[in-house]
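In the text below, chain A, chain B and the rest are named by the order of the sequence lines, each starting its count at 1.
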Amino acid sequence: MRKQERLATKEHREHKNFMEAKPEADRKSLDDRNKMTELERIRHSAAHVLATAILRLWPEAQFAAGPPVENGFYYDVELSHRISPEDFAKIEEEMKKEIKANNVFEKIIVTREQAIKDAESGRLGGLAERPGNASKFKIGNLQDIPEGEAISYFKNGDFLDLCAGPHVMRTGNIGAFKLTQVASAYYKGDEKNPQLQRIYGTAFKNKTQLDEYFKMLEEAKRRDHRKIGAEMGLFAIDTEYVGPGMALWLPKGGAILEALETLAKETEFAAGYVRVKTPHLAREKMYKTSGHLPYYADSMFPAMHLPLEGDAKTKREQLESSALKRFEESTAKLISSAESNIKGESQTADVRAASEEFLAAQKGWNTLRDEKDPTESYYLKAMNCPHHHRIFAAEPHSYRDLPLRLAEYGTCYRYEQSGELFGLMRVRSMNMNDAHIYCTEEQFASEFNAVNEMYLKYFKIFGIEKYVMRFSTSAPEGMGKKYVNEPELWKKTEDMVRQVLIDSKINYVEVPNEAAFYGPKIDVQVWSVIGREFTLATNQVDFAVPAKFGLTYRAKDNTDKTPLCIHRAPLGTHERFIGFLIEHYAGNFPLWLAPDQVRILTLGDDEKLLAYAKEILAELRANMVRAEGDFGTDPIKAKIAEAEKAKVHTMLVIGGRDMDAGAVSVRLHGKGNVGAKPKAEAVAEILASIKERRA
RNA sequence: GCCAGCAUAGCUCAGCGGUAGAGCAACGGUUUUGUAAACCGUCGGUCGUCGGUUCGAUUCCGACUGCUGGCUCCA
């Protein structure tokens, strides 16, 4: 659950800027703090109670930060004892005692000097003074409080903590709580700082709400795409033979993938896109030019070193021969200058210069010579844009050709850290619903708008009602560092994007200083029907990289101009999008997406009945319906149970009664028997539902 | 990469210092059926891998690998 939240808040990685600096840690202002909801106060207070309990068990514990978070709270603690879930019961026991004591959360305002003194004595984040065990993290926290801001403590019972609050009135106001997990975290989130144990818990006003929360977690677990994916036979991750983070699409998952690609192809074709296809590899030069190397090298699969060939081989040979020539010439020159110097015909300085040149030439030649089997690096592509740029470069372009919309379900490979891999949500190989739109400045607004319209069209098809577009813009201080140094172009593009968002009345939030280095971007966050949040897609403007590849078109005034480029991937990657859809629909896909669209169930295997059933099956399959037959002698109850379990969307039950009437009995997954219908009507309905992609 | 938890049949799980069991699935039969499971049988596991302790390890200990929950990172 938490992982999804992080996926969402930290943005999806498609097209994300590799040069982007880490946003500065947010520090809540006192105003923000006063806006804390009652639930947040309960949770924040529960964190203090947690610390109180831990101190009663391990008085030497040092605490760092203990805020409320989306689903609960945590406190970061440094303690030589490794807290494990087995310790939770006794910690909770101590917490209950503190809650039962119903101590008041007392606010105390102190001077900075007093606070430093109390931190040094170990009193802060402790039950008493602890000589020789200073509250080191609290000292660090104190440094973050701006001069002039009031410094306050909160005290419950003996526990005194540096804290801006606010809290509930008394510890007894914490209704119901539970410790949930233990994790590790770096102090202030910086891996250079000490590693702390982060104890997570959750708290609610009352037991009922706590129970509801755990029930919701259960529901989320039930809908987990990994669980449903295995049950329905959609995908497999074969770590032993294929590798971690690389999904194999099984036939049934492949059917969903196919349905999505067809949707994308139709939608894009109608919107004037053209399809291209690119290899999965490229030479090092590609990523040096795009700017992805060396900054992004860590996230790419390591280079493949191939023997030199073609152009690279020629260049190498030229390099070797010129180095050798320089070496030989400098040797000859050194000898002759030494000779003339002996004869007194030249200066010693000349010999020194010749000798320096000789040494340099020798070094150059030796370096080349010692390089056994010179190779050239190839990389698996981590993004499709450079390949598309080279497609643009492959032919001359006129302004009349623009906008040029190149689309491809491109396969990308990213060497994500092992700890980050997560089902289909975070993988190392992915199929991206990618496209790059090359256009003139004048065309930009309408192109960008069309892309947004496409997003909305997709949202409607999938019943995604809650979404927000995060519009990330530049910041003046990053010009020339984080961002390409084109302040005017930035302003112009950002204004254009903002205007499009306003005009189209799209739900968006603007986030300054989070743009890509080559332009502003929009991340699309959606919520599934059970309220899980996903960042599915990214949409970016690029006014820098096309220039690096020297892309131009001939403008009306007969000059060569660099096109703008819009990166877009409305359906994200197959991996993440299907992962989202599985959880969104809980595996109960609408007919057009369902891997098993129709199953014909016969009552027995009577020859005439079978002929009738097979005729219907053939008709469906001739119309590309994913239909199959269950023609065995199992009882109909068993066939139905099996089909329901497999989440077959439409079951056609056929017995003698139906055959005689030229009908079929229709049963829909999860909805039960909807009655008999003439055969032709049932088939027509199935075809229409698929064609219209009905929900 | 870091911290913690987990790893037994295809799946869900039980068991335990004396080399393993259930249900479902699969397979072979029997069963000819009206809306969520008819019956019988068979197959199936170096108990994740490697090492240590032990007369003996699936069980205890360690390392590794993978998965999971977090952290860090993320185009």
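Under 3.5 Å, the side chain of A:N673 and the base of B:G34 form no donor-acceptor pair of N or O atoms. Looking at A:D605, its side chain comes within 3.5 Å of the base of B:U32 through a donor and an acceptor atom. Side-chain atoms of A:T180 stay outside donor-acceptor range of the base of B:G69, with no qualifying N/O pair under 3.5 Å.
Comparing B:C74, B:C67, B:U35 by their closest approach to the side chain of A:R426 singles out B:C74. The A:Y200 side chain lies nearest to B:C71 when the options are B:G1, B:G69, B:C71.
In this entry B:U12 has B:A22 as its Watson-Crick or G-U wobble partner, both defining distances falling under 3.5 Å. Across all strands shown, B:A7 pairs with B:U65; the Watson-Crick or G-U wobble distances both stay below 3.5 Å. A 3.5 Å limit on both hydrogen-bonding distances identifies B:G41 as the Watson-Crick or G-U partner of B:C27.
Within the 4.0 angstrom heavy-atom criterion, only backbone atoms of the sugar-phosphate kind lie near A:G423; the bases stay farther away. Nucleic acid contact class of A:G672 (heavy atoms, under 4.0 Å, all strands): none. Within 4.0 Å (heavy atoms only), A:T239 reaches sugar-phosphate atoms of the nucleic acid but no base atom. At the heavy-atom level, A:D298 lies nowhere under 4.0 Å from the strands shown. Nucleic acid contact for A:T602: none, since no nucleic acid atom lies under 4.0 Å from a heavy atom of the residue. Within the 4.0 angstrom heavy-atom criterion, only backbone atoms of the sugar-phosphate kind lie near A:R198; the bases stay farther away. Within 4.0 Å of A:R657, counting heavy atoms only, lies at least one base atom of the nucleic acid.
Using C1' as the reference atom, B:A57 and B:A20 are 13 Å apart when rounded to the nearest Å. Across B:G66 and B:U30, the matching P atoms stand 49 Å from one another, rounded to whole Å. B:C43 and B:C24 have their C1' atoms separated by 15 Å, given to the nearest Å. If you take atom C1' in B:A4 and the same atom in B:G17, they sit 28 Å apart, rounded to whole Å. B:U19 and B:G45 have their C1' atoms separated by 12 Å, given to the nearest Å. Straight-line distance between the C1' atoms of B:G56 and B:C71: roughly 43 Å, to the nearest whole Å. Between B:C2 and B:C73, the distance separating the two P atoms is 16 Å to the nearest Å. B:A22 sits 16 Å from B:C16 when the C1' atoms are compared, rounded to a whole Å.
Taking atom NZ of residue A:K645 and atom P of nucleotide B:G10, one finds them 16 Å apart after rounding to whole Å. Following rounding to the nearest Å, A:L179 (CG) and B:G5 (P) show an atom-to-atom distance of 16 Å. Rounded to whole angstrom, the span from the CG atom of A:L668 across to the P atom of B:A36 amounts to 14 Å. A:R222 places its CZ atom 16 Å from the C1' atom of B:U12, with the value rounded to the nearest Å. Atom CE of A:M430 is separated from atom P of B:C74 by 15 Å (rounded to the nearest Å). In this entry the distance linking CG of A:L421 with C1' of B:C73 reads 12 Å, nearest Å. Here the P atom of nucleotide B:A36 and the CG atom of A:L603 are 13 Å apart, to the nearest Å. The separation between A:D630 atom CG and B:U32 atom P is 17 Å, rounded to whole Å.
Listed in residue order, the members of residues 634-642 of chain A having a heavy atom less than 4.0 Å from RNA chain B are A:D634, A:P635, A:I636, A:K637, A:A638, A:I640, A:A641.
Geometrically, A:R198 engages A:Y74 in a cation-pi contact defined by less than 6.0 Å to the ring centre and at most 45° from the axis. A cation-pi arrangement is present between A:R428 and A:Y415, with the terminal nitrogen or guanidinium carbon under 6.0 Å from the aromatic centre and inside a 45° cone about the axis.
The aromatic rings of A:H574 and A:Y409 lie parallel to each other, with less than 30° between the two planes, well short of the 60° mark. Between A:H280 and A:Y413, the ring planes lie tilted relative to each other; the angle falls in the 30° to 60° range.
Here the side chain of A:N433 pairs a donor or acceptor atom with the backbone of A:L571 at under 3.5 angstrom.
Of the options A:R43, A:H44, A:E40, a side chain to side chain contact (heavy atoms under 4.5 Å, CB included) to A:F73 is made by A:R43 and by none of the others.
One finds no salt bridge joining A:K645 and A:E231 here, because no Lys/Arg side-chain nitrogen approaches an Asp/Glu carboxylate oxygen to under 4.0 Å. Using a cut-off of 4.0 Å between Lys/Arg side-chain N and Asp/Glu carboxylate O, A:R426 and A:E575 are scored as not salt-bridged.
Shown here is A:K548, whose NZ atom has more than 12 heavy atoms of other residues, nucleotides or ligands within 6.0 Å.
Where A:G670 and A:G604 meet RNA chain B, the nucleotide closest to each residue was compared, and A:G604 sits on the side nearer the 5' end.
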